[in-house]
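Structure, as structure tokens:
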Amino acid sequence: MPEILWNRMTARALKELAAQDAPVLLPVGSTEQHGPHLPTGVDDFLSAEACRRAARILVAQGRPVAVAPSLWCGLADHHVEFGGTFTLTLATYHALLRDVCRSILMAGFGKILIVNGHGGNITALNAISGELSRELSAPIAVTSYFMAGQARIAEILEDQDTLMHACEGETSMAMAIAPDLVDQGRLAEAVGPEIALQSDPSEAIHVPRPFHTVTSSGVAGDARRASAEKGEAILDACAEAIAEWLMK
């Protein structure tokens, strides 16, 4: 199979891909606490994996594609109190994405899909992608892999309908791609309240809340019935949804 990862290719190979009008998938995530059982890099690892799987689907269909190196830091101020968390200000995040997307465009590519893996980035990315499209005179699309595959995720999970945080879904995917980083001895503690990934539209006033005031465990949802099999199914479903959109 042809190489899909930007940083494993030569500059010449990337120029050839750009000349074929290949889209670039840009995974973005976060490095933040993920409860007592998961590593801090979960959001980064999972967005990158969803992009790799989507790219492999495209290549199998004869479509050129490149997956850019992931942006491992995002907007995670609400997790800081737990420790282990990196976070950016909104202005820095906007500037970082602008420069990365500009670099992709200057390399000759014309299509960028930002693939997000962190709930705290969603609202900002929706706004930033519009700004970047105007600033860079290029279409900058954005999705969250777990939103792209939401319908199938709801069918796979047993104890929740959507991804939450360090939950059945995220833990399952971590088990699938990095089982050595999952502390299964702490799964019994990996339980917390259910949350919405985005503000409930029925609420007229949005009040930001530090995550430690929502859950003492650092978990939202219930990870106790997580499995690698569920994780594989979720990642494949999300990748298929992303690839389907790119093949339109």
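- Put simply, the residue from Val24, Val100, Leu136 that forms a side-chain contact (heavy atoms from CB on, under 4.5 Å) with Leu105 is Leu136.
- Side chains of Thr85 and Phe211 form no contact here, defined as non-hydrogen atoms less than 4.5 Å apart.
- Annotation for Glu81: atom CD counts as buried by contact number, over 12 foreign heavy atoms lying within 6.0 Å.
- Nearest approach of Glu170 to Leu46, heavy atoms of both residues: O-CD1, 4.2 Å.
- In this model, no donor atom of one side chain and acceptor atom of the other lie less than 3.5 Å apart for Ser30 and Asp43.
- Minimum interatomic distance between Ile140 and Cys101 (heavy atoms only, all atoms of both residues): CG2-SG, 4.2 Å.
- Looking only at side-chain heavy atoms (C-beta outward), Arg224 and Val191 come within less than 4.5 Å of each other.
- Remark: the backbone N or O of Thr213 is paired with a side-chain donor or acceptor of Arg209 at under 3.5 angstrom.
- Taking CD of Glu32 as the start and NE2 of His78 as the end, the distance is 5.5 Å to the nearest 0.5 Å.
- Note on Leu25 and Phe45: same hydrophobic cluster, where clusters join Ile, Leu, Val, Met, Phe, Trp and Tyr whose side-chain heavy atoms are under 4.5 Å apart, directly or indirectly.
- Between the CZ atom of Arg63 and the CG atom of Leu246 there is a distance of 9.0 Å, given to the nearest 0.5 Å.
- Ion pair Arg12/Glu16 flagged as a salt bridge, since at least one NZ, NE, NH1 or NH2 atom sits closer than 4.0 Å to an Asp/Glu carboxylate oxygen.
- The distance between the ring centers of Trp6 and Phe109 falls below 6.0 angstrom.
- A salt bridge links Arg53 with Glu232; the closest basic N to acidic carboxylate O contact falls under 4.0 Å.
- Under the 4.5 Å side-chain criterion, counting only non-hydrogen atoms from C-beta, Ser217 is not in contact with Glu189.
- Between the side chains of Asp44 and Ser70, at least one donor N or O sits under 3.5 Å from an acceptor N or O.
- For the pair Val142 and Ile128, the minimum side-chain heavy-atom distance is 4.5 Å or more.
- Remark: Glu168 does not engage Arg225 in a salt bridge, criterion side-chain N to carboxylate O under 4.0 Å.
- Both Leu187 and Ile234 belong to a single network of hydrophobic side chains, linked directly or stepwise wherever heavy atoms of I, L, V, M, F, W or Y lie under 4.5 Å apart.
- Under 3.5 Å, the side chains of Gln33 and Thr40 contain no donor-acceptor pair of N or O atoms.
- Under the 4.5 Å side-chain contact rule for hydrophobic residues, Leu75 and Trp72 do not share a cluster.
- Contact annotation: the side chain of Val214 approaches that of Ile195 to within less than 4.5 Å [non-hydrogen atoms, C-beta and beyond].
- Of all non-hydrogen atoms in Lys230 and Ser172, the two that sit nearest each other are CB-OG, 3.6 Å.
- Taking 4.5 Å as the limit, some side-chain heavy atom of Asp21 sits within range of a side-chain heavy atom of Lys111.
- Judged as a ring-ring contact (aromatic ring centres under 6.0 Å, His included), and not counting sequence neighbours, the contacts of His34 are His165.
- When every heavy atom of Ala76 is checked against every heavy atom of Thr87, the shortest pair comes out as N-OG1, 2.8 Å.
- Cys238 has its side chain within reach of Ile153: a pair of non-hydrogen atoms, C-beta onward, lies under 4.5 Å apart.
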Working for side-chain contact (heavy atoms from CB on, under 4.5 Å), residues Met164 and Glu194:
CA-CA 7 Å; Met164 295 182 190; Glu194 294 191 359; 3.7 Å; yes
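- One hydrophobic cluster, built from ILVMFWY side chains closer than 4.5 Å, cannot hold both Val115 and Leu26; they sit in different ones.
- Shortest non-hydrogen contact noted between Ala176 and Ala228 is CB-O, 3.7 Å.
- Between Asn116 and Ser144, the shortest heavy-atom distance links the atoms ND2-OG, 3.0 Å.
- Here the straight-line distance linking atom CG of Leu132 with atom CZ of Arg134 works out to 9.5 Å at 0.5 Å rounding.
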What's the verdict on side-chain contact (heavy atoms from CB on, under 4.5 Å) for Thr171 and Ser227, showing C-alpha distance, side-chain angles and the deciding distance?
CA-CA 8 Å; Thr171 302; Ser227 71; over 6 Å; no
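- Taken from NE2 in His37 to CZ in Arg186, the straight-line distance is 10.0 Å, to the nearest 0.5 Å.
- Side-chain atoms of Asn121 come within 3.5 Å of backbone atoms of Gly29 as a donor-acceptor pair (strictly under, hydrogens ignored).
- Using a 4.5 Å cut-off on side-chain heavy atoms (C-beta onward), Glu229 and Met175 make no contact.
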side-chain contact (heavy atoms from CB on, under 4.5 Å) assessment of Leu113 paired with Ile242:
CA-CA 9 Å; Leu113 175 61; Ile242 293 167; 3.9 Å; yes
Mind running salt bridge (Lys or Arg N to Asp or Glu O under 4.0 Å) on Glu135 and Arg102 for me, showing each step along the way?
CA-CA 10 Å; Glu135 292 170 4; Arg102 180 187 289 115; over 6 Å; no
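- Across Ile177, Leu38, Val42, a single residue satisfies side-chain contact (heavy atoms from CB on, under 4.5 Å) together with Val182, and that is Leu38.
- Criterion: ILVMFWY side-chain heavy atoms under 4.5 Å apart, direct or through other members. Under it, Ile122 and Trp245 are part of a common hydrophobic cluster.
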side-chain contact (heavy atoms from CB on, under 4.5 Å), that's the test. Do Thr31 and Cys73 meet it? Break it down for me.
CA-CA 6 Å; Thr31 301; Cys73 194; 5.6 Å; no
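- Here the side chain of Ser133 pairs a donor or acceptor atom with the backbone of Ser129 at under 3.5 angstrom.
- Here CG of Leu125 is found 4.0 Å from OH of Tyr93. Values are rounded to the nearest 0.5 Å.
- Atom CE of Met1 sits in a crowded spot, with more than 12 heavy atoms from other residues, nucleotides or ligands closer than 6.0 Å.
- Thr162 contributes atom OG1, which lies 7.5 Å from atom CZ of Phe146 (distance to the nearest 0.5 angstrom).
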